**Student:** 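Below you'll find the structure I mean.
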Number of protein chains: 2
Amino acid sequence: MTSRTPRPRERGIPEATVARLPVYLRALQALQERGTPTVSSEALAEAAGVNSAKLRKDLSHLGSYGTRGVGYEVEHLVHQISRELGLTQDWAVAIVGIGNLGRALANYGGFGTRGFRIEALLDADPAMVGQRVASLEVGHIDSLEEVVGSRGVSIGVITTPAEAAQAVATRFVEAGVGSILNFAPVVLNVPDGVDVRKVDLSIELQILAFHAQRRAAGDGQVAAAPGLELT
Amino acid sequence: MTSRTPRPRERGIPEATVARLPVYLRALQALQERGTPTVSSEALAEAAGVNSAKLRKDLSHLGSYGTRGVGYEVEHLVHQISRELGLTQDWAVAIVGIGNLGRALANYGGFGTRGFRIEALLDADPAMVGQRVASLEVGHIDSLEEVVGSRGVSIGVITTPAEAAQAVATRFVEAGVGSILNFAPVVLNVPDGVDVRKVDLSIELQILAFHAQRRAAGDGQVAAAPGLELT
DNA sequence: ACGGGCTTGTGAAAGGGTGCACAAAGTGGG
DNA sequence: CCCACTTTGTGCACCCTTTCACAAGCCCGT
């Protein structure tokens, strides 16, 4: 590394840090509601379930918002993290696929306090179209492009069956949506620059199963764990 | 570091690899249904959305199941990964918190093909108890310990409101559940040895918002992206 | 039987993330 | 005003993960 690097990168926040900021934010908001004025890295780290050094390093990427000997001012930090995460503006969200999960998401009120506005619910099933879910009328998927354009949707949520997901993603992208949250169990193919995050229930369960098996195998005394058989 | 470490660990599969195995498994199962007999690392990597070298290294942790010059036998690999993930046995799952999300999960039939059996649905609301959801009768949360014990539940899913989650987690652990999948937006406190995975919708959205903001800021020409305002 | 052509398995290098430990910097009491 | 105490911000060493690049190994046509 050259010894001269005045600024590492314009606002280069590591991915791992970004992934933790929402956790810190939530903990801070809880403190805020309780009226706590300041918090130490130690206390906040505890609440967020991380190491305090890691927390300090994470926050240092946003700037020096702490006071040595005192800690961090809760209110100020909430504001800074919110700004950094882009929560000072509202993001319009469209959900495609109004099955059980889509409905659950639509009804999940406080999308992390605020910052997100569900603007549209779309489905391919004509029987679904026209129904009211979470005080929104379900539209037909054919109107996707129109809805994205007219309501300024910038985040798309996909809760369709696996088979439909790729097509929906492609349409989202073509319509100008740059951020996609995918609940369908498929790997989406999108052009560079489009941000896709995946939430996959069965993958999580399978990872749990792996560790559970590992535990059961290593354990002589199978505590309260059940029905384990050799293969 | 001492220079002597004969065996890294008995069957030490890296976490990052474990997290990808379910993705490979799904891709392989799709190939299997299409009747494909063998697949190259290149093709499988493409389907799984990863680099082929990474895929080969991942698979090499399970053993040498490929044939040079040919690829991997699909059927065989499906079996090996399933066994490694512990999917050759059935895991009993209990879901606590039968709101919108809990219902959605209960109705989400094929939990990654199979390997998981939803054995119980529990809720604290007396109005909920007794209802049938996904052909199971909702039980009262007071019966948690009894249900876990008698039905051999080893994986607990928490879809309660945030306030209730910690208490449920503690009861799960005390009842002998070693694996918890938490959908409630709180950091769970559990003893060592208990495995908790978190799925948090609003965190995912916030991460997307961060990148979306970043994109919008860096972009001179805001392609089809909408309503962006300076702060 | 042998050589050309693929594809795996893996050393080695590079990159990113984590956590320790401590200097720097602030507070408050005497 | 100074000193003891607290807490932040960060240099550094370690570890995990990713990626490249290539030798080793296997198949098939001749």
Side-chain angles (χ1 to χ4, degrees), chain A residues 1-9 11-21 23-24 28 31 36-74 76-77 80-81 84 207 210-211, chain B residues 1-5 7-9 11-21 23-24 27-28 31 36-74 76-77 80-81 84 207:
Chain A
M1 185 145 294
T2 65
S3 61
R4 197 136 67 81
T5 311
R7 274 170 295 167
R9 202 171 305 163
R11 282 291 190 80
I13 299 183
E15 263 309 297
T17 295
V18 173
R20 282 187 294 267
L21 289 181
V23 180
Y24 303 154
L28 285 164
L31 289 170
T36 317
T38 64
V39 64
S40 72
S41 64
E42 198 73 44
L44 185 53
E46 157 94 33
V50 301
N51 176 302
S52 73
K54 178 150 57 181
L55 179 127
R56 288 197 298 277
K57 189 157 285 184
D58 282 343
L59 294 185
S60 77
H61 288 293
L62 315 189
S64 274
Y65 296 132
T67 308
R68 290 165 199 251
V70 177
Y72 300 89
E73 200 205 330
V74 172
H76 187 225
L77 204 45
Q80 292 303 329
I81 295 180
E84 197 64 53
I207 296 172
F210 172 85
H211 293 299
Chain B
M1 179 142 297
T2 65
S3 58
R4 199 137 66 82
T5 312
R7 272 171 300 168
R9 205 167 304 162
R11 281 284 190 84
I13 298 185
E15 263 309 299
T17 295
V18 172
R20 281 186 297 265
L21 288 181
V23 181
Y24 303 153
L28 284 165
L31 290 171
T36 316
T38 64
V39 65
S40 72
S41 65
E42 198 72 44
L44 184 53
E46 157 92 34
V50 301
N51 176 304
S52 72
K54 178 150 61 179
L55 178 124
R56 288 198 297 278
K57 187 152 283 185
D58 282 344
L59 294 185
S60 77
H61 288 294
L62 314 188
S64 275
Y65 296 132
T67 307
R68 291 159 132 102
V70 177
Y72 300 88
E73 201 206 330
V74 173
H76 187 225
L77 203 47
Q80 292 304 329
I81 295 181
E84 198 64 52
I207 296 172

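It should be emphasised that the depicted structure is a prediction, and the values quoted were computed from it without experimental measurement. By convention in this document, chain letters (A, B, ...) are assigned in the order of the sequence lines, proteins followed by strands, and residues within each chain are numbered from 1.
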**Student:** Between CG of A/Leu21 and CD of A/Glu84, what distance do you get to the nearest 0.5 Å?
**Tutor:** 7.0 Å
**Student:** Once you round it to whole Å, what is the distance between P of C/dG9 and CG of B/Leu59?
**Tutor:** 8 Å
**Student:** Test of understanding: with side-chain hydrogen bond (donor to acceptor under 3.5 Å, both in side chains), list the residues that count as partners of B/Glu73, not counting sequence neighbours.
**Tutor:** none
**Student:** Test side chain to side chain contact (heavy atoms under 4.5 Å, CB included) on B/Ile81 and B/Leu59; report intermediate values, then the result.
**Tutor:** CA-CA 9 Å; B/Ile81 295 181; B/Leu59 294 185; 4.2 Å; yes
**Student:** If you round to the nearest 0.5 Å, how far is CZ of B/Arg56 from OG of B/Ser40?
**Tutor:** 9.0 Å
**Student:** Rounding to a whole Å, what distance do you find between A/Leu55:CG and C/dT18:C1'?
**Tutor:** 13 Å
**Student:** Using whole Å, what does the distance between atom P of nucleotide C/dG17 and atom CG of A/Leu21 come to?
**Tutor:** 13 Å
**Student:** Just to verify, what does B/Glu46 make a side chain to side chain contact (heavy atoms under 4.5 Å, CB included) with, not counting sequence neighbours?
**Tutor:** A/Asn189
**Student:** Please list residues of residues 38-45 of chain B whose heavy atoms come under 4.0 Å from any atom in DNA chain C, ordered by number; otherwise none.
**Tutor:** B/Ser40, B/Ser41
**Student:** Would you give the length of the straight line joining atom CG of B/Leu31 to atom OH of B/Tyr72, rounded to the nearest 0.5 angstrom?
**Tutor:** 14.0 Å
**Student:** How long is the line joining CG of B/Leu62 and P of C/dT8, in whole Å?
**Tutor:** 15 Å
**Student:** Grab the CG-P distance between B/Leu77 and C/dT8 for me, whole Å please.
**Tutor:** 11 Å
**Student:** Restricting to non-hydrogen atoms, name the atom on A/Val23 and the atom on A/Ala19 that form the minimum distance, rounded to 0.1 Å.
**Tutor:** CG2-O, 4.3 Å
**Student:** Can you give me the closest heavy-atom contact between B/Arg20 and B/Val50, atom names plus distance?
**Tutor:** CD-CG1, 4.1 Å
**Student:** Any side-chain N or O of B/Asn51 under 4.0 Å from OP1/OP2 of D/dC20?
**Tutor:** yes
**Student:** Give me the distances for all protein-to-nucleotides 26-30 of chain C N/O pairs that come in under 3.5 Å?
**Tutor:**
none

**Student:** How many whole angstroms separate atom CD of A/Glu15 from atom P of C/dG15?
**Tutor:** 18 Å
**Student:** Could you go over nucleotides 10-14 of chain C and give all protein N or O partners under 3.5 Å, atom names and distances?
**Tutor:**
{"unit_1": "C/dG11", "atom_1": "O6", "unit_2": "B/Lys57", "atom_2": "NZ", "d": "3.2"}
{"unit_1": "C/dA12", "atom_1": "N6", "unit_2": "B/Lys57", "atom_2": "NZ", "d": "2.9"}

**Student:** Could you tell me how far apart B/Tyr65 (OH) and D/dC26 (P) are, to the nearest whole angstrom?
**Tutor:** 16 Å
**Student:** For A/Thr17, enumerate each residue passing the side-chain hydrogen bond (donor to acceptor under 3.5 Å, both in side chains) test, keeping only those at least two apart in sequence or located in another chain.
**Tutor:** A/Asp58
**Student:** Can you list the steps and then say if B/Leu77 with B/Leu44 is a side chain to side chain contact (heavy atoms under 4.5 Å, CB included)?
**Tutor:** CA-CA 11 Å; B/Leu77 203 47; B/Leu44 184 53; 4.3 Å; yes
**Student:** OP1, OP2 of D/dC26 versus side-chain N and O of B/Tyr72: anything below 4.0 Å?
**Tutor:** no
**Student:** Kindly compute the distance separating CD (A/Gln80) from CG (A/Leu28), expressed to the nearest 0.5 Å.
**Tutor:** 11.5 Å
**Student:** Atom CG of B/Asp58 and atom P of C/dT8: how far apart are they, to the nearest Å?
**Tutor:** 14 Å
